[in-house]
Amino acid sequence: MTQLSSELEKLGFWESETEEEHITIFGMDFPSAQSYIIITDEAGTTPEDDDNAIVVACYSDDDCFKWGKELEDFADLAAICAANPPESKEMLEALQNYTLTKK
């Protein structure tokens, strides 16, 4: 387990191995929105470096893609998680409304 994997678990994300891609993804369920999110890196693989971009993809409970968002890095994800209860409507909205800062 990488350091980033451990940090994601501390934030309340579950870990799962994918059958087809043979990678580890991290996710969180949002029962009130009948949705879940998964976290990957920009290449769609297991995030391993906390300085690289994090991709959040939201799916309905019946596995239909709803939206995706690129976050600057793990620190931005951690800040959103710290400001909102896990699995809450507010956290899901904060992720969906996130915008990358211009450089």
Applying side chain to side chain donor-acceptor pair (under 3.5 Å), can you list everything that pairs with [X], at least two apart in sequence or on another chain?
| X | answer |
| --- | --- |
| Thr24 | Glu17 |
| Asp63 | Tyr36 |
| Ser35 | Lys66 |
| Asp62 | Ser60 |

Which distance, rounded to the nearest 0.5 Å, do you find between the OG1 of Thr99 and the CD of Glu72? 10.5 Å
Which pairs would a plain distance check flag for residues 83-91, meaning a side-chain donor or acceptor within less than 3.5 Å of a matching protein atom at least two apart in sequence or in another chain?
| residue | atom | partner | partner atom | Å |
| --- | --- | --- | --- | --- |
| Asn84 | ND2 | Ile80 | O | 2.9 |
| Ser88 | OG | Pro85 | O | 2.7 |
| Ser88 | OG | Met91 | N | 3.0 |

Mind checking whether [X] and [Y] sit in one hydrophobic cluster, side chains of I, L, V, M, F, W, Y counted as touching below 4.5 Å?
| X | Y | value |
| --- | --- | --- |
| Ile37 | Leu100 | yes |
| Ile25 | Leu4 | no |
| Leu8 | Ile38 | no |
| Ile23 | Ile39 | no |
| Met28 | Phe26 | yes |

Grab the two heavy atoms, one from Thr40 and one from Pro47, that are nearest each other, plus how far apart they are. CA-CD, 3.9 Å
Taking only residues at least two apart or on different chains, which pairs with a member in residues 65-92 satisfy ring pair (Phe, Tyr, Trp, His ring centres under 6.0 Å)? Tyr59-Phe65
Asp73 side chain to Asp76 main-chain N or O, any donor-acceptor pair under 3.5 Å?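 Here the side-chain-to-backbone pair exists.
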How would you list all residue pairs meeting side chain to side chain donor-acceptor pair (under 3.5 Å) that involve residues 44-56, not counting sequence neighbours?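 Matches after skipping sequence neighbours: Asp41-Thr45.
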Just wondering, do Cys58 and Phe30 contact through their side chains at under 4.5 Å, heavy atoms?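 Counting from C-beta outward, Phe30 and Cys58 never come under 4.5 Å.
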Would a 4.5 Å heavy-atom cut-off, applied to side chains only, mark Lys69 and Leu95 as touching? no
Ring pair (Phe, Tyr, Trp, His ring centres under 6.0 Å) against Tyr98, all qualifying residues, sequence neighbours excluded: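 Result, ring pair (Phe, Tyr, Trp, His ring centres under 6.0 Å) vs Tyr98: none returned.
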